[in-house]
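Right, one structure below, let's go through it.
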Amino acid sequence: MTPTSTRSFWLRRLHSLSGVFPIGAFLLEHMFTNSFILQGPEAYNEKIEFLRHLPYVAVLEIVFIGLPILYHAGYGIYVWMTGKVNLRWYPYAQNWLYVLQRWTGVMALVYIGVHVYETRIVNALYGTEVSFARMQEIVSQPQMFWFYVIGLLAVCFHFANGLWGFCVSWGMTIGPKSQRAAGIFSGILGLTIFGAGLNALIYLIQ
Amino acid sequence: MPKMDFIQVKVKRQANPRLKPYWEEYRVKYRPYMNIITVLQELRKNPHTFDNRPSSVIAWEASCLEEVCGTCTMVINGRVRQACSALVDQLGESITIEPMTKFPVVRDLVVDRSVIFRSLKRLKTWVPVDGTHALGPGPKMGPDEALERYEMSKCIACGCCMEVCPQINERSEFVGAAAINQVRLFNSHPTGKVIERERLKALMEKGGIEDCGNAQNCVKACPKEIPLVTSIADVNRQMTLNLLDLLKK
């Protein structure tokens, strides 16, 4: 057991790790699965059915998605409260990213909350079928479409910038050169998954 | 060089730690090549406000006057820096001077930065060699390594990195970049290395390295241009490599 005085270290490291694995890994899987939308309703619905009937699906949902997101969000809000923005006098790019990471975290939490309610909780409560048609119904409302686009952008930014921060926090990128390289990599990865998600959203409303 | 006859100076005053701070405005006759120290010296000669009311002498500290001691660190026109190297010709004719905000104010522009010393003691940032008896020559260090460590050793404990850190405030006990950099300095010393685990463990306690939010303002604010972000990331790597051992009590 660890002494209580080092608890915040382990909780913070767990927060950092949970953002990449499993949450980040799930995000990549999710954006990839979403892309089956491009192959039409049948292909997409088939993937949903496949995922819904995975063995131990409830355990997978709770242990690898639900709990990590709740922990990451809860501890993230605590981390956010311990900071104090000082962009006015120190408006450096990296300081902006620090602030944006906090803002997009809150935005992502709101977005994920609504998204999970609409696509998972309604199913559990009222048995609403989650399908291509259901997604089409949701995002064909203009305000929901834009809510999804902004939410997706917040999630992708938070993931990409978080991945970059993860590399620093775990000591993988130490000097300015490797940090810049990791920044470029994270940026491209973030833009790629944003592009994939956006493409699926646009396909749904066409 | 800007043309001006007088400089408008606003100073945040505070008589003692318990009293409320207040602003006082002054007017100082301009001379070429003035820095904030000479401005404060002028105000000491003639402690009168801009409308000629008598004012008390402003308390401030300075020592080396060449940006190597860190004593005269204060917030000038919103940004933290050393008063001795803050040139009036670059600041303009309207200047605000405040004490640092992350350390308790003693009086006017004088702050108590002893928290840095307390952190260094807690993190054992020294080479643990006891006694006065001869121990023989120490291990050798290559020139590349010496050069790298020299950069880290330039810290003057001025507190600029802590002042600009969004993670240091009344809601957080974060130790700050300067102290973490010292851990890297002494963990990379061939003899200092023997207690590296003790330093890493101390850095795991509340307010330790995990509170770094990666805003990276520290490295921009450091007057000695110490690669502070690199130091924090390097100590993060030491944490990761020792993770399993650090799990033990």
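Neither the backbone nor the side chain of A/W96 comes within contact range of chain B; no heavy atom of the residue lies under 4.5 Å from a heavy atom of that chain. Only the side chain of B/M239 has a heavy atom closer than 4.5 Å to any heavy atom of chain A. Both the backbone and the side chain of B/D234 come within contact range of chain A, each with at least one heavy atom under 4.5 Å from a heavy atom of that chain. Both the backbone and the side chain of B/L243 have a heavy atom closer than 4.5 Å to some heavy atom of chain A. Heavy atoms closer than 4.5 Å to chain B are found nowhere in A/Q101, neither backbone nor side chain. When heavy atoms are compared at a cutoff of 4.5 Å, A/S16 does not approach chain B at all. Contact annotation for B/Q238: neither backbone nor side-chain heavy atoms come within less than 4.5 Å of a heavy atom of chain A. For B/N77, the part lying under 4.5 angstrom from a heavy atom of chain A is the backbone only. Contact annotation for B/V80: both backbone and side-chain heavy atoms come within less than 4.5 Å of a heavy atom of chain A. Proximity to chain B (any heavy atom under 4.5 Å) is shown, for A/R88, by neither the backbone nor the side chain.
Side chain of A/H53 to backbone of A/E49: a donor-acceptor contact under 3.5 angstrom is found.
Top candidate by heavy-atom pairs under 4.5 Å with chain B, chosen from A/H15, A/R12, A/M172, A/R102, is A/R12. Looking only at heavy-atom pairs under 4.5 Å with chain A, the residue among B/T240, B/V164, B/V75, B/V229 that has the most is B/V164. When each of B/K220, B/R79, B/E170, B/M204 is scored by its heavy-atom pairs under 4.5 Å with chain A, the top score falls to B/M204.
Taking the six-membered ring where the residue is Trp, A/Y111 and A/F147 present tilted rings, their angle falling between 30° and 60°. Ring planes of A/Y75 and A/Y71: parallel class, angle under 30° (limits at 30 and 60°).
The pair B/E24-B/R13 counts as a salt bridge, with a side-chain nitrogen and a carboxylate oxygen less than 4.0 angstrom apart.
Looking at B/R199, B/E148, B/R237, B/R149 one by one, the single match for side-chain contact (heavy atoms from CB on, under 4.5 Å) with B/R184 turns out to be B/E148.
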Check against ring-ring contact (aromatic ring centres under 6.0 Å, His included), A/W170 and A/F166:
CA-CA 6 Å; A/W170 291 81; A/F166 175 89; 5.7 Å; yes
Test side chain to side chain donor-acceptor pair (under 3.5 Å) on B/N236 and A/R13 and set out the steps.
CA-CA 11 Å; B/N236 270 327; A/R13 280 289 185 273; 2.6 Å; yes
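A side-chain donor-acceptor contact under 3.5 Å links B/S85 and B/E67.
Ring to ring, A/Y148 and A/F145 are not that close: their centroids are 6.0 angstrom or more apart.
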